[in-house]
Asks: 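Next up is a structure, given as structure tokens.
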Amino acid sequence: EVGGHLSALSVVMMKEEAQREETCEAESLKFLTQATQSLAQALRLALQCGNLEIAKEAAFQLVECFGCHDATSSAQYLALYQSCAVSLEFHKLLPLLHPNIYHTELGALLIQNAHLTTNTSPHSHTPTADANLQKLQQYECWKRLAVSIEHLELMRSLPSHFRCVVLQHSPDKTQLYAAYLIPPQPPPPAPKKGQTPVPADVIEPVVCRVSVDPKTLLSLLELVTDFKKELSSTLLKEQFSSMQNGNPRQQDGNPRQQDGNPRQQD
């Protein structure tokens, strides 16, 4: 009898544990759905306002929310996160590439935008920053760096045979994300009479994440920087050498006249 009571008690406890797990799973799914909806709305509003910092963070959080459960959405948001990050880096380069930055309206706007970006929180937009962004939207160089919500539909505009691979580090460089994207595939051709229909190959997007050492990435960046310095030094030496070979001088240091005859000494 004792053994029977123990087995019945264990069954009851297992059922209660299963019910608690189902309840927790339902609550977690509910909160995940709410978080995903809020992040998607924040992303859309940030892109409409041109705030790429907030859009970038929202896209990254959406990648974490979807993960491998929805590889298509996760891969699309990873590509969007990368586009926002690259656009922000190019925004920093625009003032350096402008030839007359201190003498044009565009140069003044770029300097002001860099100052506002550096000294204000990316999560807050001031009227001055909004007015500055609206004026920058008039220039083609700024328009080309814009990221819109239509970015999520980018794969639909590509040919069906295209394949895209996205590689992106996390903000702290401890994770490397990879995504494999494919455009929508056309339906298979209809079989002829008397032929058995051949099932189409199903190709689905893939997304994954691996842990990496940020020190390794830092060392690679340092090697690239050293290589650029050595290459620049080598090119300057070659240019200087070619300039000297193109203007030969006498070994005694006396210059020659244009006709090639040496000047007479006094």
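Since the model is a prediction, treat every value here as computed from it, not as a measurement.
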Asks: Can you tell me how far apart SG (Cys141) and CG (Leu93) are? Round to the nearest 0.5 Å.
Replies: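 The CG atom of Leu93 is 12.0 Å from SG of Cys141, to the nearest 0.5 Å.
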Asks: Just verifying a value: how many Å separate Tyr77 OH and Gln61 CD, rounded to the nearest 0.5 Å?
Replies: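 Nearest 0.5 Å value for the OH-CD distance: 13.0 Å.
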Asks: Could you tell me whether the side chain of Ser219 and the main chain of Thr216 form a donor-acceptor pair under 3.5 Å?
Replies: yes
Asks: Look only at the side chain of Ser38 and the backbone of Gln34, and say whether a donor-acceptor pair between them is shorter than 3.5 Å.
Replies: yes
Asks: Please answer whether the main-chain N or O of Lys237 pairs with a side-chain N or O of Ser241 as donor and acceptor at a distance below 3.5 Å.
Replies: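 Between the backbone of Lys237 and the side chain of Ser241 there is no qualifying donor-acceptor contact (under 3.5 Å).
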Asks: Does Gln185 reach the side chain of Pro183, with side-chain heavy atoms less than 4.5 Å apart?
Replies: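 With C-beta onward as the side chain, the pair touches.
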Asks: Could you check whether any side-chain N or O of Thr225 sits under 3.5 Å from a backbone N or O of Leu221, counting only pairs where one atom can act as donor and the other as acceptor?
Replies: yes
Asks: If you round to the nearest 0.5 Å, how far is NZ of Lys173 from CG of Asp213?
Replies: 13.5 Å
Asks: Return the CD1 to CG distance between Ile182 and Leu158, rounded to the nearest 0.5 Å.
Replies: 12.0 Å
Asks: Taking all atoms of both residues into account, what is the closest heavy-atom pair of Pro184 and Arg156, and its distance?
Replies: CD-CA, 3.9 Å
Asks: Within a reach of under 6.0 Å around CD of Gln137, are more than 12 heavy atoms found that belong to other residues, nucleotides or ligands?
Replies: yes
Asks: Can you hop from Tyr180 to Tyr81 via hydrophobic side chains spaced under 4.5 Å?
Replies: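 Different clusters: Tyr180 never reaches Tyr81 through Ile, Leu, Val, Met, Phe, Trp or Tyr contacts under 4.5 Å.
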Asks: How far apart are the closest heavy atoms of Val207 and Cys68, and which atoms are they?
Replies: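 Residues Val207 and Cys68, closest heavy atoms: O-SG, 3.7 Å.
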Asks: Count I, L, V, M, F, W, Y as connected when their side-chain heavy atoms are under 4.5 Å apart, and connections chain through other members. Are Val206 and Val165 then in the same cluster?
Replies: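 In one cluster: yes.
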Asks: Using distance alone, with no hydrogens and no angle criterion, decide if Tyr177 and Gln82 have a side-chain donor and acceptor under 3.5 Å apart.
Replies: no
Asks: Is there a path from Leu217 to Leu176 through hydrophobic residues (I, L, V, M, F, W, Y) whose side chains come within less than 4.5 Å of each other?
Replies: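 No, Leu217 does not connect to Leu176 through the hydrophobic network.
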Asks: How are the rings of His91 and Trp142 set relative to one another: parallel (under 30°), tilted (30 to 60°) or perpendicular (over 60°)?
Replies: parallel
Asks: To the nearest 0.5 Å, tell me how far Leu43 CG sits from Leu80 CG.
Replies: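 That separation rounds to 5.5 Å.
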Asks: Looking at Leu145, is its backbone amide N or carbonyl O close enough to the side chain of Ser87 to form a donor-acceptor pair, meaning the two atoms are under 3.5 Å apart?
Replies: yes
Asks: Less than 4.5 Å apart, any side-chain heavy atom of Leu47 and any of Leu52?
Replies: yes
Asks: Check whether more than 12 heavy atoms from other residues, nucleotides or ligands sit under 6.0 Å from atom CZ of Phe90, and answer yes or no.
Replies: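 For Phe90, atom CZ is not crowded (no more than 12 foreign heavy atoms under 6.0 Å).
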Asks: So for atom CD, which belongs to Gln239, do other residues, nucleotides or ligands contribute more than 12 heavy atoms lying within a distance under 6.0 Å?
Replies: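 Result for CD/Gln239: open.
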Asks: With side chain to side chain contact (heavy atoms under 4.5 Å, CB included) as the test, would you mind laying out the steps for Tyr139 and Leu109 before giving the verdict?
Replies: CA-CA 11 Å; Tyr139 294 91; Leu109 292 173; 3.8 Å; yes
Asks: Looking at Ala46 and Ala55, what are the two nearest heavy atoms and their distance?
Replies: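 Shortest heavy-atom contact: CB-N, 3.7 Å.
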Asks: Do Ile149 and Leu88 sit in one hydrophobic cluster, given that two such residues count as connected whenever their side-chain heavy atoms are within less than 4.5 Å of each other, even indirectly?
Replies: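 Ile149 and Leu88: one cluster.
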Asks: Is there a side chain to side chain contact (heavy atoms under 4.5 Å, CB included) between Leu106 and Leu136? Walk through the geometry before answering.
Replies: CA-CA 7 Å; Leu106 175 59; Leu136 284 172; 4.0 Å; yes
Asks: To the nearest 0.5 Å, how far apart are CZ in Phe60 and CD in Gln175?
Replies: 8.0 Å
Asks: Is there a donor-acceptor pair closer than 3.5 Å between any side-chain N or O of Thr234 and the backbone N or O of Glu230?
Replies: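 Checking the backbone N and O of Glu230 against the side chain of Thr234, a donor-acceptor pair under 3.5 Å is found.
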Asks: Answer yes or no: does atom CZ of Arg163 have more than 12 heavy-atom neighbours from other residues, nucleotides or ligands under 6.0 Å?
Replies: yes
Asks: Decide whether Met155 and Leu152 are clustered together by the hydrophobic rule: side chain heavy atoms of Ile, Leu, Val, Met, Phe, Trp, Tyr closer than 4.5 Å, transitively.
Replies: yes
Asks: Apply side chain to side chain contact (heavy atoms under 4.5 Å, CB included) to Lys30 and Thr33, showing your working.
Replies: CA-CA 5 Å; Lys30 176 183 176 182; Thr33 303; 5.9 Å; no
